[in-house]
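Lettering follows sequence order; numbering is per chain, from 1. All values derive from a computational prediction rather than experimental measurement.
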Number of protein chains: 2
Amino acid sequence: MATIKDVAKSAGVSIATVSRVLNGSANVKQATRDAIQRTIQELNYMPNALARGLQKKQSKTIGVLFPDATSYYFAEIIRGINTCIQQAGYRIVVSSAHDAADEANVFLSLWKSQQVSGMIVMMPSTHNATIFNSTQRSIPLILLNTAITDGADITITIDNYQGAKEITKHLIEHGHQAIGFIHGAPNNHDSEERYRGYQDALNEGNLTRSSHLEFHGNFTENSGYRAVISLLNQSEKPTAIFAANDAMAIGAVEAARQLSLQVPQDIAIVGFDDISTARYINPPLTTMNVPVLEIGEMAGNHLIRLLEDNRQVVTREITVPVHLVVRESCGCPKEK
Amino acid sequence: MATIKDVAKSAGVSIATVSRVLNGSANVKQATRDAIQRTIQELNYMPNALARGLQKKQSKTIGVLFPDATSYYFAEIIRGINTCIQQAGYRIVVSSAHDAADEANVFLSLWKSQQVSGMIVMMPSTHNATIFNSTQRSIPLILLNTAITDGADITITIDNYQGAKEITKHLIEHGHQAIGFIHGAPNNHDSEERYRGYQDALNEGNLTRSSHLEFHGNFTENSGYRAVISLLNQSEKPTAIFAANDAMAIGAVEAARQLSLQVPQDIAIVGFDDISTARYINPPLTTMNVPVLEIGEMAGNHLIRLLEDNRQVVTREITVPVHLVVRESCGCPKEK
DNA sequence: TTGAAAGCGCTAACAG
DNA sequence: CTGTTAGCGCTTTCAA
């Protein structure tokens, strides 16, 4: 593999000069520059990013850290990040973490060992608020969907609360009084916020909350399924159910079918996320649309800005609005 | 950020000794080793992977290169790769490429600049067979879903041909004589192989092929939709359609609905991939299941083996079997 | 406008 | 068992 030395020798100049044209320094005679560029072509030379990174103390890579379970978001967010970041000359290093402890390790290794220039971390668990202490951190950090509100330069969060409130209100407006909620995974920030929105909507609608309207799930289809099956043993049944995500809503619809409950006539079911499957199930799912790709792009763009504009330290919290998509599973006429 | 020097100084030894314990060399007195390890803890020291990579001439990262359009596969494959690779101490660098030319660039930059230890490339376009010339390549390469059969150490390909043949035969066995085919993107290897399987199934079933049974799509739902809409103007209509992927099949089902054609009674529709949505559409889609996660794991495992076992140069072509999932869109009773 | 030289943090002979 | 030293390929003063 050709190195800068080879280029220098072959072009009859010093490595310093080669380095200058590599880095676009102005102080090189045009003729020299041309000659060097030609030699670079001939030798198929490409600078070694490791050596460069070692010297410059920055790797031009950005670390992306995800929870282990593949969330529906994963691919789209990566794609969103990649679009902006790649053209700015950065590369993505992806890692996943099993749990909070593991996450801390991966974070540290990405930062200290891999020398990433910046990080985008998605960690909706509410367990690990202490990891990202900004006092000891020297690289920009963007947190996605997290409960942690400080320590990051920027946090980008879905407006779970408003979204949940809105979709619950939609149910209320259309006459539902007994509205159930299926929780997502425990200690998950998204789930908790959606629950908060649900509660407040009930309160504002003067509906009483009740523990047998609440079901515990973990964001999987199967857990949504089981939640609705458990209704069998209940005397007092909800007329509508808001599942904390679409996967569970889909499981719930499936369970309803097996219990011979008509959706939405016997029971309305709504979700959150607007995953691609949502519009195809029967009946098509009413849900809150989350602009996932845009979140990725936003994260990428902001990180690049942080990196290139010398890291202005304005901590910012961005809340991404979601919007209601009324389909048929709620039994309401489209209006919005 | 603490360096090896800091550790050495703080522990009262030379950097060579620190390096030895870092790399698990046997020739260090236990007491010294302990002291150094303690210092490492204290200083929160982690070795700089850039410096190490520069010296060792290998970065312990593996490059993953994907086409630009997010295929359904993307996330799952990454996840599959990541599981095995991460525990072997490697990291993934993901990149995407718009087209063949861009791909060559990204490939080169990953290899020469980023100094990746190995690569996994997914590039189903049949246009760029020359890029990965093994004579000039010095790192192991695994190609996924590709037309290119040499130049890589290992290729992992879905058994598109057999799968397509099987699902077409399934249609034939259940009485269909006029079976349409919706092509995927032009010059796409998967699409071409599926087409080949379709053709051979027709031939073996003594069915005549006809150009007005073929429709041109690009793997998007919309293109499947348009294909079926175009049937309107045809006098001779197929009784069944095999779409080269599920997305197009879903679009086709949608179009059929709009044309008031019953699926499967008026027209049977089947796909390929078994994406998660397939079982939820109405009617549930009969399709070929592709074990995507497994493919990723396989790629990761093989690459690690190539990397750690000193790169035995046995070129291998792995074909991943797919299996028929009979649901309702084909109108056939479940049997398999 | 160019070159010489120091050094980024680490590993790997080579000596001792 | 441990230390000294020479680089890995690059950027960046400092001189010329």
Separation of [N] [atom2] from [X] [atom1] (nearest whole Å):
X       : N       : atom1 : atom2 : answer
K9(B)   : dG9(C)  : NZ    : C1'   : 14 Å
K56(A)  : dC8(D)  : NZ    : C1'   : 18 Å
Q30(B)  : dC1(D)  : CD    : P     : 10 Å
K60(A)  : dT11(D) : NZ    : C1'   : 14 Å
K112(A) : dG9(C)  : NZ    : P     : 13 Å
Q115(A) : dG9(C)  : CD    : P     : 8 Å
L22(B)  : dA12(C) : CG    : P     : 11 Å
N48(A)  : dC8(C)  : CG    : P     : 18 Å

Q. Going by number, which of residues 37-46 of chain B have a non-hydrogen atom under 4.0 Å from DNA chain D?
A. none
Q. Where the side chain of R52(B) is defined as all heavy atoms beyond and including C-beta, which of dC10(C), dG9(D), dT1(C) is the nearest nucleotide?
A. dC10(C)
Q. What nucleotide among dT2(D), dG9(C), dT2(C) has an atom nearest to a side-chain atom of K29(A)?
A. dT2(C)
Q | Salt bridge flag under 4.0 Å for residues R137(A) and D153(A) | A | yes
Roughly how far apart are [X] [atom1] and [Y] [atom2], rounded to 0.5 Å?
X       : Y       : atom1 : atom2 : result
T155(B) : L143(B) : OG1   : CG    : 7.0 Å
M46(A)  : W111(B) : CE    : CH2   : 10.5 Å
R305(B) : E308(B) : CZ    : CD    : 11.0 Å
I77(A)  : I120(A) : CD1   : CD1   : 9.0 Å
E317(B) : I156(B) : CD    : CD1   : 11.5 Å
I81(B)  : I92(B)  : CD1   : CD1   : 5.0 Å

Q: Mark yes or no for whether S113(B), through its side chain, and P47(A), through its backbone, hold a donor-acceptor pair below 3.5 Å.
A: yes
Q: Answer yes or no: side-chain N or O of Q55(B) and base N or O of dG9(C) forming a donor-acceptor pair under 3.5 Å.
A: no
Is any side-chain nitrogen or oxygen of [X] closer than 4.0 Å to OP1 or OP2 of [N]?
X      : N       : answer
K5(B)  : dC10(C) : no
S19(A) : dC10(D) : no
K57(B) : dG9(D)  : yes

Q. Can you check side-chain contact (heavy atoms from CB on, under 4.5 Å) on K60(B) and R52(B), steps first, answer last?
A. CA-CA 10 Å; K60(B) 281 263 183 181; R52(B) 186 180 274 186; over 6 Å; no
For residues 34-45 of chain B, dump all side-chain donor-acceptor pairs below 3.5 Å to protein atoms at least two apart in sequence or in another chain.
from   : atom 1 : to     : atom 2 : distance (Å)
D34(B) : OD1    : Q30(B) : NE2    : 3.0
T39(B) : OG1    : A35(B) : O      : 2.7

Q. Pick the nucleotide of DNA chain D nearest each of T32(B) and N23(A); which residue has the one closer to the 5' end?
A. T32(B)
Q.
Under 4.0 Å, heavy atoms only, any strand: does N27(B) hit a base, just the sugar-phosphate, or nothing?
A. base
Distances for protein N/O vs nucleotides 3-5 of chain D N/O pairs under 3.5 angstrom?
from   : atom 1 : to     : atom 2 : distance (Å)
dG3(D) : OP2    : S14(B) : N      : 2.9
dG3(D) : OP2    : S14(B) : OG     : 3.2
dG3(D) : OP2    : T17(B) : OG1    : 2.8
dG3(D) : N7     : R20(B) : NH1    : 3.4
dG3(D) : N7     : R20(B) : NH2    : 3.4
dG3(D) : O6     : R20(B) : NH2    : 2.3

